[in-house]
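The block underneath contains the structure these notes are about, expressed in structure tokens.
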Amino acid sequence: MASFKTTITFSLFILLSSCFGQLKTQENNSAPTVVKSFKTTGLAPDFDTTLVSQYIRSIFQDSKGNLWFGTIGDGVVRYDKKNLQYFSTREGFISNSVFAINEDHQGNMWFGTDQGVYQYNGKTFRNFNQKDGLQQIDISRRSILVDKSGKIWVGTHRGVYQYDAEADQQGKPSFSVFSLLPEINTADIFEDKSGNIWFATSNQGVFKYDGKTITNFNEKAQLGENYAGGIAQDPAGNMWFVFKNGICKYDGKTFTEYTAKDGLGGTEFWGILIEKSGIIWITARGSNTRYNPSISLPNPKAFSVFTSANGFTCCVQSMFQDKSGKVWWGTGQGLYNFDQTRFYQVKRSGPWQN
């Protein structure tokens with residue numbers, strides 16, 4: 001009899017564990033509640049209302065773990081695992097194009113748009129534009145940096161600006177141009193492990209600011225056609241830059257280029273992301289390349305090129321690795337994740353937790 005009771009108890013435990021496991025899985029993968037007070041205007045050529053947004057230009061995760069998506073047409077979107085909230089005109093966010101996102105040391109969110117910079121304190125949005133010292137209000141992609149000291153840098157199509165909180169509190173213009181740089185068309189701003197600030201441009205190569213002086217790396221330093229589209233640093237401390245024909249690694253002394261001849265997919269290169277593991281992703285028109293730098297070249301196994309055959313349907317406009325290690329891709333056809341084999345689309349209903 002005892003054995004029979006034990007069997008029933010054990011079976012019941014297994015059944016309950018299975019049920020609770022299923023409930024937990026369903027909860028983790030449940031669709032968030034969409035909070036949206038406006039209707040999106042359709043954007044050609046395709047318009048799918050089930051997407052988080054058609055065009056996702058920037059991705060960021062804040063200190064609370066919320067994911068933010070900067071879009072074209074849908075303002076900025078926040079995902080907190082329960083809600084997918086859209087902020088636009090009604091909430092005081094008077095811009096539909098969001099190119100850069102960051103968070104300052106006080107927990108305020110900053111957004112770079114085609115209407116200047118917005119600050120969000122968790123309750124209200126505030127817009128900074130010409131009246132605040134931003135002579136150029138069209139903010140570039142990936143061009144809001146909050147450095148280790150807390151200073152806020154903003155890159156535009158005509159120069160780089162710094163935010164002065166003290167001047168802001170005094171009612172003075174809070175943004176001023178960073179005069180050590182020329183009037184560059186900013187493509188990225190990045191702080192390395194040593195505290196150097198790097199500025200990628202679309203027309204004058206790369207600039208490095210060490211806190212005192214500016215150094216310019218241009219076509220003489222093998223940066224392709226004097227074009228830089230992105231910056232990253234690998235775990236070993238090497239700097240990586242995107243140029244028109246590929247990417248290049250800078251070890252502090254020399255530049256090493258990687259192009260389609262080495263195994264990169266595509267012919268027009270746009271962005272770079274280096275995972276915490278050291279894996280490098282390079283985006284190009286119509287393709288996405290995964291590069292494992294631990295494999296010595298030449299070796300075709302070092303590069304994996306993903307195209308529409310791998311579930312990838314459109315050009316990448318943003319990449320971001322969150323705190324859990326998951327990489328997110330924002331494209332011209334919505335939001336994507338990667339399952340180590342194929343890319344899959346993340347719509348409003350998910351899947352969010354896979």
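Computed from a prediction, not measured in an experiment: that's the story for all the values here.
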A quick test of your reading: do over 12 heavy atoms of other residues, nucleotides or ligands sit less than 6.0 Å from [atom1] of [X]?
X: Lys172; atom1: NZ; answer: no
X: Lys64; atom1: NZ; answer: no
X: Arg78; atom1: CZ; answer: yes
X: Arg90; atom1: CZ; answer: no
X: Lys276; atom1: NZ; answer: yes
X: Glu166; atom1: CD; answer: no
X: Lys301; atom1: NZ; answer: no
X: Lys261; atom1: NZ; answer: no

Looking just at side-chain N and O atoms, do [X] and [Y] make a donor-acceptor pair shorter than 3.5 Å?
X: Ser194; Y: Asn196; value: no
X: Asp114; Y: Ser95; value: yes
X: Thr331; Y: Gln317; value: no
X: Trp329; Y: Asn337; value: no
X: Ser202; Y: Asn185; value: yes
X: Asp210; Y: Thr213; value: yes
X: Tyr163; Y: Asp168; value: yes

Output all residues satisfying side-chain hydrogen bond (donor to acceptor under 3.5 Å, both in side chains) with Glu275, sequence neighbours left out; order by chain, then residue number.
Trp281
Assigning hydrophobic clusters by single linkage (Ile, Leu, Val, Met, Phe, Trp, Tyr; side-chain heavy-atom cutoff under 4.5 Å), is [X] placed with [Y]?
X: Tyr161; Y: Ile144; result: yes
X: Val117; Y: Val76; result: no
X: Phe190; Y: Tyr209; result: no
X: Ile56; Y: Tyr86; result: yes

Shortest non-hydrogen separation from Leu134 to Phe128 and the atoms involved:
CD1-O, 3.6 Å
If you look at every heavy atom in Gly92 and Phe125, which pair is closest and at what distance?
O-CB, 3.6 Å
Distance-only, no hydrogens or angles: does the Glu191 side chain make a donor-acceptor pair with backbone N or O of Leu145 under 3.5 Å?
no
Check whether Ser58 reaches the backbone of Ile101 with its side chain - one donor and one acceptor, N or O, closer than 3.5 Å.
no
Going by salt bridge (charged side-chain N to carboxylate O under 4.0 Å, His left out), name the pairs with one or both residues in residues 333-349, residues two or more places apart or in two chains.
Asp48-Lys347
Would you check, one step at a time, whether the test side-chain contact (heavy atoms from CB on, under 4.5 Å) holds for Gln162 with Phe175?
CA-CA 5 Å; Gln162 294 177 310; Phe175 280 91; over 6 Å; no
Between Tyr250 and Phe217, is the gap from one ring center to the other below 6.0 Å?
yes
